[in-house]
Amino acid sequence: MFRRALLATPFAALGLALPATARAQAWPSRPIRIVLAYPPGGSTDVLARTLAAALQDAIPGSTFVVDNRPGGAAVVGTQAVAQAAPDGYTLALGNNQTHAANAAMLPSLPFDPVADFAPIARLAAVHHALVVPANGPRTLAELAAKGKNGGRVTYASSGAGSASHVIAETFVRREGMDATHVPYRGGAQATTDTVAGTVDFFVSTWPQVVALVRDGRLRALGIGAPARLPETPDVPTFAELNAQDLAVDAWFGLWAPTRTDAAIVARLSDALVAILDQPAMRERLNGQGFVAAPMPAGPFAAFQREELARWRRLVELTGIRLAG
């Protein structure tokens with residue numbers, strides 16, 4: 001009787017007893033969600049949709065779906081992945097804010113960016129640029145003067161506590177400007193309002209604004225690249241302007257919930273590194289303003305820990321803290 005009952009038990013009910021290799025071999029059997037803690041239209045969203053399509057081609061039988069879950073200084077979407085089942089079907093495409101800076105800024109972050117996640121791969125990096133409306137100041141010095149001696153400026157960021165916010169506040173404090181921070185839920189609306197002149201300046205990731213700079217709808221006063229970019233040779237680097245402290249790159253990575261099967265993590269990591277090593281993909285990302293920067297799971301875990309320490313130092317310098 002016991003044998004008959006065992007044979008009648010649904011195979012799925014024995015999932016916990018299956019070897020990890022068997023579970024990994026069955027993956028994927030349903031769509032995989034890539035959760036973003038940002039709204040559509042920003043740099044993270046552009047990268048996620050580009051790589052989701054590439055992963056779908058690289059992993060036979062897979063479907064990757066991008067799920068935007070903005071809110072709470074990029075905490076809402078990130079927490080959703082931290083609390084998801086570690087089955088390989090929910091991933092987080094995050095960045096230096098979600099998995100480094102927030103840990104330094106939020107006194108009660110509801111997850112641990114290291115302990116609650118399994119790093120899969122670093123993906124790419126982007127430079128930041130300081131942009132103003134097309135009819136705005138022509139140099140950083142002119143912009144700084146506008147916020148002094150009784151003048152006042154407003155600056156947009158892609159969110160409170162983002163790299164955008166930290167870099168802009170570094171500039172404001174260094175120059176002694178009177179400035180008001182206007183945080184947005186992502187870079188798309190911040191860009192729109194900068195074009196419209198609703199705010200005086202915005203420190204943006206380069207992919208978010210490069211087309212508008214080329215078209216003359218925004219003016220870039222400086223960029224954090226190591227050298228002037230061929231597509232915008234008239235935009236000086238922050239180093240040229242003796243503003244090296246503003247040259248803080250953003251980086252992007254992919255994580256799974258902790259305890260996700262190591263074989264699934266390795267399969268995703270290998271696929272992403274191979275995708276990002278392809279010349280055609282590197283060229284495509286360059287055209288979007290990204291620099292492909294693939295790093296497999298092990299080195300990426302060490303890199304993230306280094307970035308946590310770096311962002312704690314940056315937060316101490318700017319004094320930025322978030323409620324929560």
Side-chain angles (χ1 to χ4, degrees), residues 2-40 44-70 76-95 98-99 111-124 252-278 280-281 284 294-298 300-301 304:
F2 175 76
R3 183 173 179 272
R4 285 198 302 271
L6 181 61
L7 290 173
T9 302
F11 187 73
L14 299 177
L16 292 177
L18 287 173
T21 52
R23 293 199 300 274
Q25 286 169 359
W27 177 93
S29 60
R30 64 178 191 269
I32 300 157
R33 287 187 308 136
I34 299 178
V35 178
L36 310 186
Y38 300 94
T44 310
D45 187 67
V46 170
L47 181 64
R49 294 179 190 280
T50 298
L51 292 180
L55 280 168
Q56 199 159 290
D57 291 339
I59 298 176
S62 68
T63 301
F64 286 82
V65 179
V66 176
D67 182 3
N68 299 88
R69 292 197 182 188
V76 172
T78 312
Q79 183 180 8
V81 178
Q83 295 174 342
D87 55 12
Y89 292 99
T90 305
L91 310 174
L93 198 155
N95 55 27
T98 60
H99 285 77
F111 58 83
D112 187 311
V114 172
D116 291 337
F117 292 89
I120 295 172
R122 190 180 69 179
L123 307 172
F252 301 86
L254 193 70
W255 290 261
T258 192
R259 297 185 301 279
T260 297
D261 194 299
I264 293 174
V265 170
R267 190 173 177 189
L268 283 163
S269 182
D270 291 346
L272 283 165
V273 170
I275 287 166
L276 292 165
D277 275 339
Q278 295 171 2
M281 178 57 73
R284 182 177 179 186
M295 184 181 285
F300 181 41
Q304 184 187 348

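Along the sequence shown, residues are numbered consecutively beginning with 1. What you see is a predicted model; the values in this text were computed from it and never measured.
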Separation of [Y] [atom2] from [X] [atom1] (nearest 0.5 Å):
| X | Y | atom1 | atom2 | value |
| --- | --- | --- | --- | --- |
| Thr90 | Ile32 | OG1 | CD1 | 9.5 Å |
| Thr258 | Asp112 | OG1 | CG | 9.5 Å |
| Leu254 | His99 | CG | NE2 | 9.0 Å |
| Leu272 | Ile120 | CG | CD1 | 7.5 Å |
| Thr50 | Met281 | OG1 | CE | 6.5 Å |
| Ser269 | Met295 | OG | CE | 11.0 Å |

Measure across [X] and [Y] and return the closest heavy-atom pair with its distance rounded to 0.1 Å.
| X | Y | answer |
| --- | --- | --- |
| Pro40 | Asn68 | N-ND2, 3.5 Å |
| Pro257 | Ala85 | CG-O, 3.9 Å |
| Val81 | Leu91 | CG2-O, 3.7 Å |
| Thr78 | Ala37 | OG1-CB, 3.7 Å |
| Phe64 | Ser62 | CE1-OG, 3.4 Å |
| Phe300 | Pro119 | CD2-CB, 3.6 Å |

Quiz item: Below 4.0 angstrom, N of the basic side chain to O of the carboxylate: do Asp87 and Arg30 qualify?
Solution: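 Salt bridge between Asp87 and Arg30, a charged N being under 4.0 Å from a carboxylate O: yes.
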
State, yes or no, whether a side-chain contact exists between [X] and [Y] at a heavy-atom distance under 4.5 Å.
| X | Y | answer |
| --- | --- | --- |
| Pro294 | Asp277 | yes |
| Gln79 | Arg69 | no |
| Pro70 | Val76 | no |

Quiz prompt | Results of ring-ring contact (aromatic ring centres under 6.0 Å, His included) for Phe252 - residues two or more places apart only | solution =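 So Phe252 forms a ring-ring contact (aromatic ring centres under 6.0 Å, His included) with Phe290.
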
Quiz prompt | Any residue meeting ring-ring contact (aromatic ring centres under 6.0 Å, His included) with Phe111, in chain and number order, not counting sequence neighbours | solution =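 Expected list: Phe117.
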
Self-check item: Flag, side chain of Trp27 to backbone of Gly88, donor-acceptor distance under 3.5 Å
Solution: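 Judged by distance alone, yes, a pair lies under 3.5 Å.
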
Exercise. Ignoring hydrogens and angles, tell me if any N or O in the side chain of Asn95 forms a donor-acceptor pair with the backbone of Thr98 under 3.5 Å.
Key: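 Such a contact is found between Asn95 side chain and Thr98 backbone.
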
Self-check item: Set of residues satisfying side-chain contact (heavy atoms from CB on, under 4.5 Å) with respect to Thr63, sequence neighbours excluded
Solution: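 So Thr63 forms a side-chain contact (heavy atoms from CB on, under 4.5 Å) with Pro31, Gln56, Val65.
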
Exercise. Using the side-chain contact (heavy atoms from CB on, under 4.5 Å) rule, take Ile275 and Leu55 through it: C-alpha gap first, then chi angles, then the decisive distance, then the call.
Key: CA-CA 8 Å; Ile275 287 166; Leu55 280 168; 3.9 Å; yes

Quiz item: Distance only, no hydrogens: is a donor on one side chain within 3.5 Å (strictly under) of an acceptor on the other, for Tyr89 and Ser29?
Solution: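 Checked: Tyr89/Ser29 side chains pair up, N/O donor to acceptor below 3.5 Å.
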
